[in-house]
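Notes follow once the structure below has been shown.
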Amino acid sequence: MLRDITLGQYYQTKSPIHELDPRVKLIATFAFIISLFLVNSYVGYVIALIYLALAIGLSRVPFSYITRGMKAVVMLLMITVLFNLFLTPGELLWSFGVLRITREGVVIASKMAIRLTMLIIGSSLMTLTTTPNQLTDGLESVLSPLKVIKVPVHEISMMMSIALRFIPILMEETDKIMKAQMARGADFESGNVFKRASNMVPLLVPLFISAFRRANDLAMAMEARCYRGGEGRTRMKPLVYSSKDYIAYLVIALFMFMIIAAGRLF
Amino acid sequence: MMIRSSDLVFDYIKRDEEGNPCGSVRALDGVSLDVEKGQFIAVLGHNGSGKSTLAKHFNALLYPSGGTVYVGDMNTMDDSHLWDIRQTCGMVFQNPDNQIIGQVVEEDVGFGPENMGVPTEQIWERVEESLRIVGMEEYRNSSPNRLSGGQKQRVSIAGVIAMHPECIVFDEPTAMLDPSGRREVIRAARALNDVEKITIILITHYMDEVVFADRVFVMDGGSVVMDGSPREIFSRVDELEHLRLDVPQVTLLAHRLRKEGIELPEGILTRKEFIKELREYISRKENVTKA
Amino acid sequence: MSISAEKKMSLKLDNVSYIYESGTNMERKALENINLEISKGEFIGIIGHTGSGKSTLVTLLNGLISPSGGSIYWDGQDINDKSFDRKMLRSKVGLVFQYPEHQLFEADVFSDVCFGPKNLGLSADEVKERAYRAIKDVHLDDKYLKQSPFELSGGQKRRVAIAGVLAMGPEILVLDEPCAGLDPKGRNEILDLLSSLHENEGITVVLVSHSMEDVADHADRIVVMDKGHIVYDEAPKRVFGHVHELEEMGLSVPEVTYIMNDLADEGFAVSRDVTTIDEAVAEIKRLVER
């Protein structure tokens with residue numbers, strides 16, 4: 001069920017991309033996503049594709065591993081593409097009953113498909129090459145300017161990392177409670193939507209109670225270990241830029257420049 | 001003096017469904033005890049006897065409703081010492097899953113020092129040293145989810161050691177573990193006391209874990225009802241059974257034999273002792289028969 | 001005829017194996033070639049350290065998971081046959097998991113105990129009657145019936161959870177570490193409860209436990225598991241005769257057995273196969289009074 005989703009699961013290996021500072025990867029991903037929506041020419045797509053292929057190659061994550069994670073989002077992708085394909089008005093190419101495909105529809109749908117695929121691959125490449133810890137640390141650091149406008153950046157990233165820590169524990173717990181209630185004759189698989197929803201009560205109530213108890217325990221354990229928010233806190237693994245990271249920033253800048261230039265020239 | 005509580009009283013406030021106070025339950029009722037530096041103390045009692053509530057007072061997680069608690073020379077009611085108290089007297093809890101914050105072992109051990117504002121380089125030294133003390137160096141890059149219960153508790157212990165406490169309170173650290181996990185944790189606690197000279201307060205309901213303690217407090221109904229060396233406590237098998245606590249099988253066997261007229265001393269704690277005493281009893285009896 | 005039918009009531013595992021994450025690189029063999037027969041009226045103890053496969057074995061017994069190889073028979077019928085009534089099996093083989101109180105969810109104790117029998121599609125009266133009987137069987141006072149299960153003590157919660165399984169009317173009650181996390185008082189209450197269910201209600205009990213003393217005191221047959229295999233399946237006395245082998249598996253024998261072994265090693269004329277305090281007292285008395 002839930003554990004089949006490999007999208008964005010960390011892939012352990014040694015590669016130049018893995019070694020980059022998480023802030024670089026966050027900013028690179030952000031830049032890449034923006035560029036995908038700036039691109040409006042074939043040359044632009046080619047540049048973005050080369051850039052992505054280069055990153056994948058450098059990351060040493062097997063391409064099959066990346067696409068395996070894609071399965072979960074393929075449905076979403078298909079729906080978006082089909083909507084664009086059939087609902088865009090313009091020069092008629094083919095029709096069957098109410099279904100109409102136009103030239104503009106084909107163009108927009110294929111552009112959308114390319115964009116979304118690259119977007120998903122690009123962002124999952126970030127999570128595949130960055131541990132959840134680095135990711136939260138990076139996010140905290142990248143977002144730290146927002147502290148000025150009173151955004152609780154430290155708290156958000158602490159929440160994220162605790163959530164990541166407890167997801168596997170709660171999944172295991174869900175499995176256990178489910179089995180235990182099934183042993184009491186509970187049925188989670190049959191019936192209509194409403195029936196199924198009400199059948200979930202014997203699973204959800206114990207799960208919530210357990211999650212609250214865990215949260216309570218954890219809060220106490222954190223306090224006992226002198227946790228008092230982000231202020232005055234030092235880091236065991238502070239984020240420090242190395243020369244590799246500066247080179248990566250240069251590459252990103254170059255890429256953005258090329259994308260913008262491609263947009264103007266072609 | 002490491003910890004001193006005088007006439008400690010604690011009332012839990014009961015709340016109704018709207019969250020308004022509607023009464024209170026006395027969880028601790030006049031607890032006075034002293035813990036000397038370097039001692040290994042055990043606190044026994046069944047669930048609801050108040051032992052965990054007591055433990056939380058030593059770490060300023062709970063404040064007295066009456067009486068006082070001192071950690072070193074700091075009164076736990078004095079908020080200006082809060083973080084010093086928590087650093088001086090660390091705490092290991094029951095459920096190993098619910099006290100590990102980091103997603104990697106070494107990062108979890110570093111959590112306490114990070115909160116204390118220890119410089120980065122020293123955090124690494126402390127993490128290194130703490131993992132070595134509990135024998136978990138080889139798991140430093142593991143995810144806590146892949147460890148056994150006993151290993152997780154050792155990581156929790158390392159997390160406390162890294163804060164360089166003078167005293168560690170173990171609040172039923174073995175209640176959720178299997179026998180081998182229990183052995184690991186108790187061995188670690190004893191080593192901390194023997195080698196690192198850290199004061200240990202072990203709260204448990206497993207009798208066999210307290211045999212090595214310097215002093216045992218038995219709690220019931222929010223008060224300390226027995227207090228003494230393990231031998232003194234285990235000499236009172238009937239009282240312990242009345243409190244619905246177990247005694248080690250060897251102690252119980254000697255006690256039962258005594259009731260059958262075989263005069264073994266009360267408070268036998270180990271198998272070796274038992275055999276020695278039985279041998280002496282038999283030779284005494286033979287001498288009497290011969291004479 | 002009726003006698004033989006009654007005798008037949010059994011759960012039989014024939015060459016059963018179970019593999020986790022089969023076909024992936026995470027593949028793990030949890031059980032291998034398990035042969036086990038549980039007959040009416042037995043009190044079986046299952047011991048083995050964490051990861052020995054005992055929890056997987058327990059989950060197989062009522063068909064919550066299906067074996068990767070081999071077959072399981074209930075009264076001679078293969079439980080993985082399409083025609084087999086699994087719902088019936090779940091009621092006949094009651095399964096109590098570790099920390100069963102974590103499964104309580106209803107607003108009051110009585111409704112929670114009703115959950116199981118209700119799922120069996122019984123009449124409302126029958127459901128109520130079974131729930132009452134189960135609550136009585138676990139020695140829980142009537143005054144708790146309308147209380148929220150979350151307000152009870154740890155030991156009481158656990159008894160409610162066990163009642164919830166008993167109300168399904170099981171012939172075999174399987175409990176995975178029913179005493180985990182309880183204090184001595186709560187532990188003894190649960191163990192006494194199991195003994196009375198076994199003796200008075202004639203329920204077959206399968207007790208998975210870490211405590212050698214508990215198993216030695218109650219079970220009349222012990223199954224020892226190690227690395228997914230059944231290593232011993234014998235009477236307690238015989239099992240606890242394998243002191244060295246058990247220790248090699250990271251297990252132990254009851255402390256009294258160690259004491260008697262030590263005495264025998266020291267040259268005292270005592271029997272080594274003593275597993276309970278009562279037996280040890282008798283044995284030492286015999287030695288002294290000779």
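These values consider heavy atoms only, across backbone and side chains, with no hydrogens, waters or symmetry-generated copies. Every chain is numbered from 1, with letters handed out A, B, ... down the list of sequences.
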Give, for atom [atom1] of [X] and atom [atom2] of [Y], the distance between the pair rounded to the nearest 0.5 Å.
X	Y	atom1	atom2	answer
B/Gln99	A/Leu218	CD	CG	9.0 Å
B/Met116	A/Arg228	CE	CZ	8.5 Å
A/Lys237	B/Thr120	NZ	OG1	12.0 Å
A/Ile169	B/Asn145	CD1	CG	5.0 Å
B/Glu106	A/Met236	CD	CE	4.5 Å
B/Glu114	A/Arg235	CD	CZ	5.5 Å

Is it true that atom [atom1] of [X] has more than 12 heavy atoms of other residues, nucleotides or ligands lying nearer than 6.0 Å?
X	atom1	result
A/Phe208	CZ	no
A/Phe30	CZ	no
B/Arg140	CZ	yes
B/Tyr139	OH	no

Give the minimum heavy-atom separation between [X] and [Y], together with the two atoms involved.
X	Y	value
A/Cys226	B/Gln87	SG-N, 3.9 Å
B/Gln103	A/Ser161	NE2-O, 3.6 Å
A/Phe166	B/Asp97	CZ-O, 3.6 Å

Q. Which answer fits B/Pro165, side chain, backbone, both or neither, if we ask what part of it has an atom under 4.5 Å from a heavy atom of chain A?
A.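 Neither part.
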Q: Say whether, by atom type as modelled, one donor and one acceptor occur between the side chain of A/Thr234 and the main chain of B/Val118 under 3.5 angstrom.
A: yes
Q.
If you apply the rule side-chain contact (heavy atoms from CB on, under 4.5 Å), what do you find for B/Ile101 with A/Arg165, and how did you get there?
A. CA-CA 7 Å; B/Ile101 294 108; A/Arg165 152 115 180 87; 6.0 Å; no
Q: Using distance alone, with no hydrogens and no angle criterion, decide if B/Glu107 and A/Asn133 have a side-chain donor and acceptor under 3.5 Å apart.
A: yes
Q: State whether a side-chain donor-acceptor pair under 3.5 Å links B/Asn98 with A/Arg213.
A: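 Absent: no donor and acceptor within the cut-off.
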Q. Where do B/Asp108 and A/Arg225 land on the salt bridge (charged side-chain N to carboxylate O under 4.0 Å, His left out) test, with the steps shown first?
A. CA-CA 11 Å; B/Asp108 183 72; A/Arg225 283 164 80 182; 3.5 Å; yes
Q: Assess whether side-chain contact (heavy atoms from CB on, under 4.5 Å) is satisfied between B/Phe111 and A/Arg233, documenting all intermediate values.
A: CA-CA 10 Å; B/Phe111 181 76; A/Arg233 221 169 164 253; 3.2 Å; yes
Q) Are any non-hydrogen side-chain atoms of A/Met220 and B/Lys56 less than 4.5 angstrom apart? A)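 Yes, close enough: below the 4.5 Å cut-off.
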Q. Listed by residue number, which members of residues 167-177 of chain B have a heavy atom under 4.5 Å from any heavy atom of chain A?
A. none
Q) Who wins among B/Asn59, B/Ile100, B/Leu61, B/Val127 for the most heavy-atom pairs under 4.5 Å with chain A? A) B/Ile100
Q) Which of the residues A/Arg214, A/Glu231, A/Met158 is involved in the greatest number of heavy-atom pairs with chain B at under 4.5 angstrom? A)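 Ranked by heavy-atom pairs under 4.5 Å with chain B, first place is A/Arg214.
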